[in-house]
Structure formats: C-alpha cells, structure tokens
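Source: prediction; values computed, not measured. Quick note: numbers below take in every heavy atom, side chains included, and nothing from hydrogens, waters or symmetry partners.
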Amino acid sequence: MKVRLRKILTLILIACLLPAVVLPSARSLMEEGLKEFERENYYDSYLIFHKVFHQLPVDVNPYASTSLFMVIRSLYFLDRHEDVIAQAGLFTDTFDESRYRDDVIYTKSASLIKTGCYLPAVSFALKVAYQTERESLQRKALELAREGARQFLTPEEIKTLKALAGSRAEMRGVDLLMAEKMKLEGDVAMARQILQSVKTSLMTLFEVNYYNQILDSMRDEKRPRIDLAVILPLSGPERVTGKALLDGMLFALDRFRHDLTNNISLVVLDNESDILKSIDYTRSVADMEHVIAILGPLSSQDAIAMAPICDYEKIPLFTPTATRDGLSALSPYVYQLNPDQDERAYALARYAVDSLKYKTFAILAPADDYGRRISDSFSRTVARSGGMVVRREWFTDPNDLKSQFMNIRKAAFSLQAADTLDTTNVLLDPELELKTQSDSLKITLKAIDAFYLPIYHNQIESVAPQLAYYNFNTRLLGDGNWLDEGLLSRYRRYVNGIVISADHLMLEQDPRVSFFREEYISQTGKAPDRLTMYGYETMVLILNLIENGNTSREALRLAVNNMGEFRGVIRNVRFSKRKPGVNAAVRLLEFRNNAIYTLQE
C-alpha cells in the first residue's frame, strides 16, 4: 500500500514540475503528425507520433493512446508488420479501455496476414467483428476473417478457432466460416448441415447477411464454377491505384452476377507492389483448377516477370494498365488492354502522314527510356510511310529549351530556304542571312508540317509557352499525357489544334460516362475515376468472352485472338495482326476551340 501511494505521489510531483509548454508542444506535434500521415509521409508521421508517445510517462501523457495508435497505423503503411504486431500488443496491454482498441486489433490481424500467421489473424479479426459497435469496422473485420479462412486455413484449422473464441457469439462466427469453407471444398451437404445447426441462434444483422450470402453461393453451385485470379497492389505505395482497378472489377461482377450462366468468382491477391510476390502468386493460381485467367498486374515490370510463367502454364494474362513495348511478344498468353507506347506512336504517325498528308516532322522528347522508345516508334513509322523527321531533340530540363528549339529552327530554316523557288537569292538575302538570333525569331517557319511532343504531363506548362515563343507555324502532335481538359484550356492559346494519341476518352458530357458515373455513385457512394473504369471494362470484356462459351484457358485465349472490337465506356479494345496481344484501339483526338473532338477510334 505504501509503495503504491509513493508511486502516485511521485507521478503527481512529476506532473506539477512539468513545464507549461509540454502540453501545447505535444498538441502541435500531434497536429503535425496527422498532417504528415494525411500526406502519406508515413515515416515522418511515425517519428513524430513516436516522439509524442515517449516524451511523457503514460500515466500523465494525455496523447499516449492516440499517439501509439498512430504509431501503429504509420508502421502498417510502412510495411513494418512485425513492429505493428509488437506495438499492438503493447497497446492492448496498456490501454484496455481505449476507444482505439478494436482498430488496433484489426490492424494487428491485417499484419498477421501479411506475415503468414493466418490462424491468429482470423481469430483476432473475428473478435473485432463481434466486439466493435462500428458497422464499418465490423464489415471490414468480418471480410478479413472470411478471406483469411477461405484462402489460407484448412477445415481442421478453422475448428481450432473455437478454442480461441472468447464468446458464444464468436463460436457462431466460426461455424459460419466452417460452412463457407466446406462449401468451397465441395462438401455442400456438410455446409448445409452446419448452416441448419446455427440458423436459429443468429442474433446480429451481419451474421444473418453472412448466412444468406453462403446460401446464395450454394444456389450458384448449380452453375459451372469459374474463377478469375486478380493480382494487384492493394497495400504499399500503389495501393490506391490497385484498389481503384479492383473496385471497378467488383462492380462489374456484382452488376451482372445474376445474369451469368456461370458461377464466376474472384481470387484476389495483394502483391504489395512486390515483383517476387507477383511471381509466387502467378505460380500458385496456375495450379488452381478453376482459375482460367489472371487479371493484372498493375505495372509493366511485374507483367514482364509473370509472362514466362503464364506462357509455361498456358494461362491467359490480361493486364489493364501495362504499356511497355514488347510485353505481349513474351507470350501468346499475354494481352495488353492498354495500347503500348509503340502502338500509340504508330497510330498517330500513320494518321499524320496518311490522313493529314504531312511530310516533314520535328520531335522534342525527354531524354529517358520513355522518350526514346516512343520517339523511335514515331520516327520509324513516319519513315516507312514516306515522311521525314527533320530533327529530333532531347531534353532533361523542360524549363530551358533554347538550344533544342534553336536547333530545330536551324533545320527548319534550311529546309524552308531550300524549298524556295530562287534558292540562291533567299540564302543571300540580307533579311535572312544577317538576322541576329533574337531577330530571327520574327521569321515564322512553316517548313515543318508537324511537331511531335511526347512529353510528361507536368512538363506541358513549361514546354507549351516556349514552343510559341520560337515561332513555328506547325501542327502539334502529342501523346496521352496531353489529355487534360483543364490544362489544354489553360494553354489553348499555344496548343489549339493539337492532335493527341490516347488510350481513352473520359468527358463529363459523354452520356455513357455520365450514366456510368451516376450508377456507380448510387451503388457505392463514391465517384469512379479512370482506373475504376479500366477495371470495370476489363471485367466486362472477360465476362462477355466467358458467357460466349469460352470457359477454359485455351478457349479463352483463342476467343480473344478472334474477337471483334469491344467498346467500353471510355476505352475500346481491338487486337490486330500487326502486334497480336496489344490493344490497337488507339483514340486520336483533337483539341480545337477549347473542346476535344474524336478524329479516330
């Protein structure tokens, strides 16, 4: 008793002696940490919250539980899952009554999944589902428990969850997990028996919904089972993009599920933007009997690594976003639903030469792999079509392009002089020969029919005004990075008439886009972005092929090779003999008088 009293008096003394600035300092640090977290600067937020937690004893630190909770969340997004598990244990031991307790346990269970500790992960997730009073967290926790049990636990392991259950309610949850697992294992009779035994004991709405979902899925057993594997980054640095693609795929499947003649399900795998995980998952799903195709990955690098496995295992890979040249050439089982860089440059060059009848071109591109690859494709196509690239220039600094533009002007000037009827007089004309470099810009050069600018989106605001300054009377050609209505409108004085080669067109005034947007918002409560639509269109394309009877891997591959053009909401898909496996449906657009028009689809 005396020891306890002494401890209390010591803490009171410490609190009295603390400087008055401590609490305001902690408050400002918390605000700073939250800002860094919102900016996704997770390492910085971790350092700040860690400092707040440790600057005072827990008993007198008003931000102790909040700062430790944010330490755990920051560590999770840094993929430091072992640390998450350790800090979550400290949290639950120290702050048993905290309002963040359920969130911490959920985060711990998610990290346990990441580290391969599937049984405790499912156990903790199930506890959260039954303990929390927040519906959104309850839904997330139950889904994590279901996914963990479906993909990683055996029926014997699910049985052991009952020994870990802390209440009768959790035991009901284990029964539902077992029923779903038995259904997936093909033992429908046992699944029905389990559901019958728990039917009258269900006490919460989410249990009833889960029960009904299992029943509905068993009714689907009358339809042939087909699985599609989805390999995307759902955590890590590219998680936002990966989740947007997956959201679109799920929306399409839910929208058409009841009209399908096949029981189609997704096997969703998070590669965490890790190539090695993508490789491992590709090998795993190739061994799954019911998986007939893989949708994903996000990056070209991952797709390159997965292609040889898909080729060996003869399983089609449909990548919604990869644009790397030569990817589909790695295997006849790889399909790029996004036109690659070569295809975009090819379509634009052919249109410029064949339809616009242009003969002379200049190119200004960034001095990197992207700039060189796409410029090479454009130049090669122009040459084969009978045109000529007068000058190619590279840059590293988009803010200072004087030497590049002057080199192009010099080439254009020579060409313009050579095309004049009296060449000698033009070359000796003092008005041309003796101009200073500054004065020479007064001469409008018309010898270059078109100027190809495959530059990055964030370089446009620097390049466009400089192009106007150097006084070319020419048509501008751009890649998909130029497809930004706001940016084009802002610089319309310089870029009016530009022709853009793009993979999609997403305009608010397009009735197809507005209809899809309204329907998606009504169903999900959030607006779709371009990647959501990519995911939706990818899924609709595959569903159409499957519903036409192509229910095996080889049948699906042959059907894709022979299909006509698929018309999506913002993107079409068409494969050609020139480059099998690469979407050739490039959209050619023109920005004219502050509006975007379609020239060719």
Please say whether the positively charged group of Arg80, taken as NZ for Lys or CZ for Arg, lies over the ring of Tyr46, i.e. under 6.0 angstrom from the six-membered ring centre and within 45 degrees of the axis.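 Here Arg80 passes the 6.0 Å and 45° test against Tyr46.
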
Main chain of Lys359, side chain of Asp449: is a donor-acceptor contact present, judged purely on distance under 3.5 Å?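 Yes; judged by distance alone, with no hydrogens or angles, the pair exists.
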
Please answer whether the main-chain N or O of Val334 pairs with a side-chain N or O of Ser328 as donor and acceptor at a distance below 3.5 Å.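 Between the backbone of Val334 and the side chain of Ser328 there is no qualifying donor-acceptor contact (under 3.5 Å).
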
Quick one: which residue pairs count as a salt bridge (charged side-chain N to carboxylate O under 4.0 Å, His left out) with a foot in residues 386-395, not counting sequence neighbours?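 For residues 386-395, and leaving out neighbouring residues, the salt bridge (charged side-chain N to carboxylate O under 4.0 Å, His left out) pairs sorted by first residue read Asp376-Arg392, Arg391-Glu393.
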
Tell me every residue that passes side-chain contact (heavy atoms from CB on, under 4.5 Å) with Ala329, counting only those two or more places apart in sequence or in another chain.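 Per chain and number, Ala329 pairs via side-chain contact (heavy atoms from CB on, under 4.5 Å) with no residue.
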
With sequence neighbours left out, write down each residue that passes side-chain contact (heavy atoms from CB on, under 4.5 Å) with Ser299, or none if nothing qualifies.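 Applying side-chain contact (heavy atoms from CB on, under 4.5 Å) to Ser299 gives Gln301, Asp302.
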
Not counting sequence neighbours, list each pair that qualifies as a ring pair (Phe, Tyr, Trp, His ring centres under 6.0 Å) and has a residue in residues 343-366.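 Of all non-adjacent pairs touching residues 343-366, those that pass ring pair (Phe, Tyr, Trp, His ring centres under 6.0 Å) are Phe361-Phe378.
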
Not counting sequence neighbours, list each pair that qualifies as a ring pair (Phe, Tyr, Trp, His ring centres under 6.0 Å) and has a residue in residues 575-601.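 Pairs touching residues 575-601 that pass the test: Tyr335-Phe575.
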
Scan side-chain atoms only and decide if Lys526 and Thr532 contain a donor-acceptor pair under the 3.5 Å cut-off.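 There is no such pair (donor and acceptor under 3.5 Å, judged by atom type) between the side chains of Lys526 and Thr532.
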
His81: what forms a ring-ring contact (aromatic ring centres under 6.0 Å, His included) with it, not counting sequence neighbours?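 Counting only residues at least two positions away or on another chain, His81 forms a ring-ring contact (aromatic ring centres under 6.0 Å, His included) with Tyr76.
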
Looking only at heavy atoms, which two atoms of Asp311 and Pro332 are closest? And how far apart?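 Scanning both residues, the minimum pair turns out to be OD1-CD, 3.3 Å.
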
Which of parallel (below 30°), tilted (30 to 60°) and perpendicular (above 60°) describes Tyr370 and Tyr456?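 Plane angle between 30° and 60°, so tilted.
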
